[in-house]
**Q** 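Sharing a structure below in structure tokens format, with a few things to ask.
Basis for what follows: all heavy atoms, side chains included, without hydrogens, waters or symmetry-related copies.
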Amino acid sequence: MLIEAQSLQIMPRRGDSGPREGGPRVAFVTLGCKVNQSDTQQAIGAFRRAGCQLVPPTAPADVYIVNTCSVTHVADRKSRGWLRRVARVNPGALVVATGCYATSGAAALAEMPEVGLVVTPRQGPELVRLVLEQLPAAIRARAGAPLSAPAGTGPERLTPWPDWADPAGAVETDETQIWAVDAGAGLRTRAMIKVEDGCNDFCTFCIIPFTRGMPRSTPTALVLDHVRTRLAGGAREIVLTGVHMGKYGSDHAQRRRSSADAQEAPDLPALVRQVLEATAVPRLRLTSLEPTDAAALIPIFTHPVAAGRLARHLHLPLQSGCDATLARMRRDYTTAEYAAIVQALRAAVPDIGITADVIVGFPGETAAEFAATCAFVAGMGFLGVHVFPYSGRPGTPALTMPDQVDPATRQARHRELTAIGEQGHAAFATAMLGRVLPVLWEEAGAGGSGLTDNYLRVRSQAAVPYNTVTAARLTAYDREGLWADPLA
């Protein structure tokens, strides 16, 4: 079910009796990246084990938790807007701000009367305890469980989704995604598993190292447990995510674990291979990777264990197609190096879909530099491009750089490069016509839609099975997108 950014629609599934009676009622809204989505999934399991019940964010709840985003000033504004919005649903509820804006926007949140509790990403493992401690004793007593979960089943553990509660679909916007956890939404085809958190690259535009901290790896054994749990809950695709996934294994704790236990992966390629070899995951997808980390994954993509299971898609943030701009951003590659990595991936993995992020209007970006970016993007054959107008983040070097680009120019460049990205998507999609690709169907019946392994959204006029991977031939591309016929 699609949740509109302006109006959440509640559409229970057939035979769904709605939220269960019981403990404190908790509702979630999640903005931003797949890391936030994974954090929300983990938190829901912890609240359920603590005796709480999950309700939609449009329903009266005792607690509303908004997992915020701070990637741009627009994301900041959306985060504040959702905090105010859920507070209006039940003015007597506890409204909790967590996620990146809980750190970067701490001062602004302190001035918001609607917000009763702020929990930073680093406090995530204590979220349940911190929330329940803030509730009135009468409400807290309804949980019938201790404030903290028993040892070994803390917030980092996962549980399958209950039949009546699943993450609803994402609403794409220019700046972020909005997710809301709804009762009876029925979307349980894909599950996000966070394998790493934090970053120490300190790109000049980025606030994430300050909001998320330094890289920290999830123990391999726990990643495998998460994957098996989500598969048991019905997921057919597992998405490994992280803030800087290529940093997996670089932190001291994971290095120590891997030196003591041969089952603990020392790096990301080893982790991916472990997941493929140790679980029965039908489809494994990797999210955002830094370009310089991607080449190391080619041997995994071409390994027999990955055949038909490791999704042929990578998201490689580009940020700019001009070397001078990349240098000011403090990115650790040139456009030539980026192009060489993509070329190597395409040579090794036929039909791989490559998507990218690009920032336009970065301080000092001249018309010539922007033109270079447009030409580079147009020539790369990307499956998709997510374009961000530059947004200054307090505390980052870019905010005080000279030659700031005016907002009108940033928006004009955003529109121009977005159009180029759309042309690239159309070219990639039409090049796939006639191909037979595996599709994970996320909507059943005639007109149902699904996702190919190389990240193409397709629809079918024929009846298709829900939450099943089938071979399908891509037949047409029109204003409504790609069409495919499932093969018998």
**Q** Hey, is the main chain of Pro24 close enough, under 3.5 Å, to the side chain of Asp62 for a donor-acceptor pair?
**A**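 Side chain of Asp62 to backbone of Pro24: no pair is present.
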
**Q** Looking at Pro121 and Arg212, what are the two nearest heavy atoms and their distance?
**A**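 Result for this residue pair: CB-NH1, 3.9 Å.
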
**Q** Ignoring hydrogens, what is the shortest heavy-atom contact between Arg410 and Val360? Give both atom names and the distance.
**A**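 Heavy atoms of Arg410 and Val360 come nearest at O-CG2, 3.8 Å.
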
**Q** Tell me, do Leu268 and Asp293 make a side-chain contact under 4.5 Å, heavy atoms counted?
**A**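 In short, these two side chains do not touch, never coming nearer than 4.5 Å.
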
**Q** Do Thr470 and Trp441 pass the side-chain contact (heavy atoms from CB on, under 4.5 Å) test, and can you show the C-alpha distance, the side-chain angles, and the key distance before you say yes or no?
**A** CA-CA 8 Å; Thr470 70; Trp441 298 105; 2.7 Å; yes

**Q** Distance check, rounded to the nearest 0.5 Å: Arg312 atom CZ versus Leu286 atom CG?
**A**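 Interatomic distance, Arg312 CZ to Leu286 CG, rounded to 0.5 Å: 14.0 Å.
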
**Q** Hey, what's the ring geometry for Tyr455 with His313, parallel, tilted or perpendicular (30° and 60° as the breaks)?
**A**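 Aromatic pair Tyr455/His313 classed parallel.
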
**Q** Are the side chain of Asn90 and the backbone N or O of Ala61 linked by a donor-acceptor pair below 3.5 Å?
**A**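 Checked: pair present.
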
**Q** What are the two closest heavy atoms between Val115 and Ala97, and how far apart are they?
**A**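 Shortest heavy-atom separation between Val115 and Ala97 comes out as CG1-CB, 4.3 Å.
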
**Q** I'd like to know if the side chain of Thr220 pairs up with that of Gln274 as donor and acceptor (distance under 3.5 Å, no hydrogens or angles considered).
**A**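 Result is no, nothing qualifies.
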
**Q** Nearest 0.5 Å please: distance from the CZ atom of Phe382 over to the CG atom of Leu318.
**A**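 That separation rounds to 5.0 Å.
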
**Q** Would you say the side chains of Gln42 and Ser38 form a donor-acceptor pair under 3.5 Å?
**A**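 A pair is found: one side chain offers a donor N or O, the other an acceptor, under 3.5 Å apart.
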
**Q** Please tell me if the side chains of Val227 and Asp225 come closer than 4.5 Å, counting only heavy atoms from C-beta onward.
**A**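 In short, these two side chains do not touch, never coming nearer than 4.5 Å.
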
**Q** Can you give me the closest heavy-atom contact between Thr204 and Phe362, atom names plus distance?
**A**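 Shortest heavy-atom separation between Thr204 and Phe362 comes out as OG1-CZ, 3.4 Å.
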
**Q** Please name the residue in the list Leu289, Leu297, Val272 that meets the side chain to side chain contact (heavy atoms under 4.5 Å, CB included) test with Met245.
**A**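 With Met245 as partner, side chain to side chain contact (heavy atoms under 4.5 Å, CB included) holds for just one option, Leu289.
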
**Q** Using the rule given for side-chain contact (heavy atoms from CB on, under 4.5 Å), can you reason through Val281 versus Arg309, listing the C-alpha separation, both sets of side-chain angles and the distance that settles it, and then say yes or no?
**A** CA-CA 7 Å; Val281 56; Arg309 300 171 68 206; 3.5 Å; yes

**Q** Distance-only, no hydrogens or angles: does the Asp267 side chain make a donor-acceptor pair with backbone N or O of Gly249 under 3.5 Å?
**A**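 Not at all, since once roles are kept as given, no pair shorter than 3.5 Å links the two residues.
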
**Q** Rounded to the nearest 0.5 Å, what's the gap from CD on Glu264 to CG on Leu224? Could you check?
**A**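 The distance works out to 8.5 Å.
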
**Q** Inspect the contact between Arg283 and Asp453 and indicate whether a charged nitrogen and a carboxylate oxygen are less than 4.0 angstrom apart.
**A**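 Not counted as a salt bridge, because no side-chain N and carboxylate O are separated by less than 4.0 Å.
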
**Q** Check whether any side-chain heavy atom of Leu240 lies under 4.5 Å from a side-chain heavy atom of Leu284, and answer yes or no.
**A**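 Result yes, sub-4.5 Å side-chain heavy-atom pair found.
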
**Q** Test side chain to side chain donor-acceptor pair (under 3.5 Å) on Ser449 and Glu443 and set out the steps.
**A** CA-CA 5 Å; Ser449 71; Glu443 294 178 283; 2.6 Å; yes

**Q** Taking the side chain as C-beta and beyond, is there a heavy-atom pair between Val243 and Ile208 under 4.5 Å?
**A**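 Sidechains of Ile208 and Val243: in contact.
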
**Q** Quick one: closest heavy-atom pair of Tyr64 and Pro57, and the distance?
**A**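 Between these two residues, the closest heavy atoms are CE2-O, 3.7 Å.
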
**Q** Quick one: does any side-chain atom of Thr400 pair with a main-chain N or O of Pro397 as donor and acceptor, under 3.5 Å?
**A**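 Yes; judged by distance alone, with no hydrogens or angles, the pair exists.
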
**Q** What distance separates Leu310 CG from Arg285 CZ, expressed to the nearest 0.5 Å?
**A**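 Going from the CG atom of Leu310 to the CZ atom of Arg285 covers 9.5 Å.
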
**Q** Output, in order, the C-alpha distance, side-chain angles, deciding distance and verdict of side-chain contact (heavy atoms from CB on, under 4.5 Å) for Asp39 and Lys194.
**A** CA-CA 7 Å; Asp39 286 344; Lys194 183 174 71 173; 2.6 Å; yes

**Q** Given 3.5 Å as the limit, does a donor-acceptor pair link the side chain of Thr68 with the main chain of Thr98, or not?
**A**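 It does hold such a pair.
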
**Q** Could you verify whether a donor N or O on one side chain and an acceptor N or O on the other, from Thr241 and Thr287, lie under 3.5 Å apart?
**A**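 The criterion, which ignores hydrogens and geometry beyond distance, is satisfied for Thr287 and Thr241.
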
**Q** Answer yes when Asp261 and Arg255 have at least one side-chain N-carboxylate O distance shorter than 4.0 Å, and no when they do not.
**A**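 The answer is no: the pair does not qualify as a salt bridge.
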
**Q** Taking NZ, NE, NH1 and NH2 as the nitrogens, is one of them in Glu196 or Lys247 under 4.0 Å from a carboxylate oxygen of the other?
**A**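 Salt bridge between Glu196 and Lys247, a charged N being under 4.0 Å from a carboxylate O: no.
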
**Q** Could you check if a side-chain atom of Thr189 sits within less than 4.5 angstrom of a side-chain atom of Glu237, using non-hydrogen atoms only?
**A**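 Not in contact.
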
**Q** Could you check whether Glu290 pairs with Arg331 (Lys NZ or Arg NE/NH1/NH2 to Asp/Glu carboxylate O, under 4.0 Å)?
**A**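 Yes.
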
**Q** When you compare the side chain of Met329 with that of Cys203, does any pair of heavy atoms fall below 4.5 Å?
**A**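 The answer is no; the side chains never approach within 4.5 Å.
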
**Q** Quick one: are His315 and Asp357 in side-chain contact, heavy atoms under 4.5 Å?
**A**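 Yes. Closest side-chain heavy atoms under 4.5 Å.
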
**Q** For the pair Asp251 and Ser217, evaluate side chain to side chain donor-acceptor pair (under 3.5 Å) and give the outcome as yes or no after the intermediate values.
**A** CA-CA 7 Å; Asp251 53 297; Ser217 304; 2.4 Å; yes

**Q** Please confirm whether the backbone N or O of Ala278 pairs with a side-chain atom of Arg228, one donor and one acceptor, at under 3.5 Å?
**A**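 It does hold such a pair.
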
**Q** Going by distance alone, is a donor N or O of one side chain under 3.5 Å from an acceptor N or O of the other, for Thr40 and Asn67?
**A**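 Yes, a side-chain donor-acceptor pair sits under 3.5 Å.
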
**Q** Let me see the working for Leu276 and Ile300 under side-chain contact (heavy atoms from CB on, under 4.5 Å), right down to the final yes or no.
**A** CA-CA 10 Å; Leu276 290 167; Ile300 303 300; 4.3 Å; yes

**Q** Determine whether Arg330 and Phe202 make a side-chain contact, defined as any pair of heavy atoms from C-beta on separated by less than 4.5 Å.
**A**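 Counting from C-beta outward, Arg330 and Phe202 do come under 4.5 Å.
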
**Q** Shortest non-hydrogen contact from Val119 to Ala102?
**A**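 Smallest interatomic distance, heavy atoms only, reads O-CB, 3.5 Å.
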
**Q** For Pro215, does its backbone N or O pair with a side-chain atom of Tyr248 as donor and acceptor, under 3.5 Å?
**A**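 Side chain of Tyr248 to backbone of Pro215, a donor-acceptor pair under 3.5 Å: no, none is there.
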
**Q** So, taking the atom named CZ in Arg230 and the one named CZ in Arg190, what distance separates them when rounded to the nearest 0.5 Å?
**A**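 CZ of Arg190 is found 14.0 Å from CZ of Arg230.
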
**Q** Say you draw a straight line from CD of Gln53 to CZ of Arg48; how long is it, rounded to the nearest 0.5 Å?
**A**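 That separation rounds to 11.5 Å.
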
**Q** Any donor-acceptor pair under 3.5 Å linking the side chain of Arg457 with the backbone of Thr452?
**A**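 A pair under 3.5 Å: no.
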
**Q** When you measure from the side chain of Ser79 to the backbone of Cys69, do you find a donor-acceptor pair of N or O atoms at a distance under 3.5 Å?
**A**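 Side chain of Ser79 to backbone of Cys69: a pair is present.
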
**Q** Using modelled atom types only, decide if a donor and an acceptor are shared between the side chain of Gln254 and the backbone of Ala265 within a distance under 3.5 Å.
**A**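 Yes, the answer is positive, given that a donor and an acceptor are paired below the 3.5 Å cut-off.
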
**Q** If we ignore angles and hydrogens, is there a donor and acceptor under 3.5 Å between the side chains of Ser70 and Asp76?
**A**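 Yes, because at least one side-chain N or O of Ser70 sits under 3.5 Å from a partner of the opposite role on Asp76.
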
**Q** For Asp197 and His244, does a side-chain donor sit closer than 3.5 Å to a side-chain acceptor?
**A**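 No, because no side-chain N or O of Asp197 sits under 3.5 Å from a partner of the opposite role on His244.
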
